[in-house]
There are 2 protein chains.
Amino acid sequence: MSALREKILTTASHLFQTQGINSTGVDNIVAVAGTTKMTLYKYFRSKEVLILEVLEKNQQDFQTWLVGKLDSSRKSSDKIQQLFDYIEEWVSSPAFIGVGFIKASAEFPNEQDPIHQLSSQQSREFRQFISKLAAEASIKDADGLALQLSLLFEGAVQAEQMNRGSGAVKYAKKAAKILINGAGKT
Amino acid sequence: MSALREKILTTASHLFQTQGINSTGVDNIVAVAGTTKMTLYKYFRSKEVLILEVLEKNQQDFQTWLVGKLDSSRKSSDKIQQLFDYIEEWVSSPAFIGVGFIKASAEFPNEQDPIHQLSSQQSREFRQFISKLAAEASIKDADGLALQLSLLFEGAVQAEQMNRGSGAVKYAKKAAKILINGAGKT
DNA sequence: TGTTGATTATACTAGACAGTATAGTCGCTA
DNA sequence: TAGCGACTATACTGTCTAGTATAATCAACA
């Protein structure tokens, strides 16, 4: 894949998170990425398509990283226990700038909007991923626990973005342990 | 206070939540409110001031409603237990359209922005309110529990907005009970 | 050297948007 | 009935933005 294309994607991702999606103009993106509008529109049909691709890339990068971490776990039933350890590691890293689909669904609340639809789909998929981990750990109401953990996750990311270094993730992790240990097993 | 001023505030609040703040134009607001820009700018110096007032009104309305509900509790130590019952009632009501400061902080991520500052202040104040309830219930780490409950709250509101009727609040409530009961007392 | 493809530079269109100016309408009250 | 204040109607300015058109540059390569 073209290096310029990549550069535009990462630049857009960064600007979207730090300035907001609607507040970030195409001119702004190309200026920071060191290219021109012509090139951007060569790779992306429209700003909307760019936004969608940024969302997909972000989610894929995170999922890939997370799955890689979890695969090093010895037993699959341990994975749900370690989930928030990795989430904390990820959120605490200096490179962390937020979760795309959370911000996007807030900025595009209209349910007919393709951007909103992709956002809520990603949120759903992440919840299903957690549910799978819960099921592997023989938890009875895997979907219920997954929903609760996803609430903690989204809340923590939100809080961490609202004021950085609030320690929200640390407490989310503690809460997650309590909820996991309190969940009934099959 | 002027009825028109009130009408503009509630109309703007509704449009901000359903379409996004940045995506809602002043022309749009006055058209729906059935008035003109001249009148809007008579009551609000700028769109930014309007946004700030909408945020303040929303939070005040919610807090007033919530405090009224909680005051009917017999013992003050019961209040923290009932908090999520009322939150569920509020989120499940047809009139619910979201929480202003969550959306606003997502759309205005710049920490220097007055709108972002007000949003994060409101989030902080709500957390302190929960902390006070926790302290009244003799919970040892009141601030820690309050942070966890606020994560559940914000996560649930977010989820409920992402797809309505997902039952997120119900599971948030269950999680809250577990966390409250698991918290150490002084 | 001449051609090709990717990229740049720059200027443009068309529409949206915040905010203002000016004149007019309507109802109330003296 | 005359005046006053709240509100409307409408047109305007200036700025920003997404997206396009056109020509120029540059590097690789045959």
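- You'll find the side chain of A/Q158 stays beyond 4.5 Å of the side chain of B/S123, heavy atoms only.
- Side-chain nitrogen and oxygen atoms of A/T39 include at least one within less than 4.0 Å of the OP1 or OP2 phosphate oxygen of C/dT8.
- Contacts between residues 4-14 of chain B and DNA chain D, defined by a heavy-atom separation under 4.0 Å, are made by B/L4.
- In this structure, B/D27 places its CG atom 14 Å from P of C/dT20, rounding to the nearest Å.
- With A/Y171 as the aromatic partner, A/K174 meets the cation-pi criteria of under 6.0 angstrom to the ring centre and within 45 degrees of the ring axis.
- In summary, the aromatic rings of A/F126 and A/F62 are positioned with their centroids under 6.0 Å apart.
- Comparing A/M38 and A/N22 by the nucleotide of DNA chain D whose heavy atom lies nearest to each, the residue mapping closer to the 5' end is A/N22.
- Ring pair A/W65/A/Y86 is perpendicular by interplanar angle, where above 60° counts as perpendicular and below 30° as parallel.
- Across residues 41-48 of chain B, B/Y41, B/S46, B/K47 each have a non-hydrogen atom less than 4.0 Å from an atom of DNA chain C (numbered order).
- When rounded to the nearest whole Å, the span between NZ of A/K37 and P of C/dA9 equals 14 Å.
- Annotation for B/N28 and B/Q19: closest pair ND2-OE1, 3.1 Å, computed over non-hydrogen atoms.
- A/D85 has no carboxylate O lying under 4.0 Å from a charged side-chain N of A/K69, or vice versa, which leaves the two without a salt bridge.
- Of the candidate nucleotides D/dT8, C/dT7, C/dT10, C/dT7 has the atom lying nearest to any side-chain atom of A/S2.
- Protein atom CD1 of B/I29 is 17 Å distant from nucleotide atom P of C/dA16, rounded to whole Å.
- The interatomic distance linking A/L40 (CG) with D/dA18 (C1') rounds to 11 Å, in whole Å.
- Atom NZ of A/K173 sits in a crowded spot, with more than 12 heavy atoms from other residues, nucleotides or ligands closer than 6.0 Å.
- A heavy-atom distance below 4.5 Å is found between the side chains of A/Q122 and A/E56.
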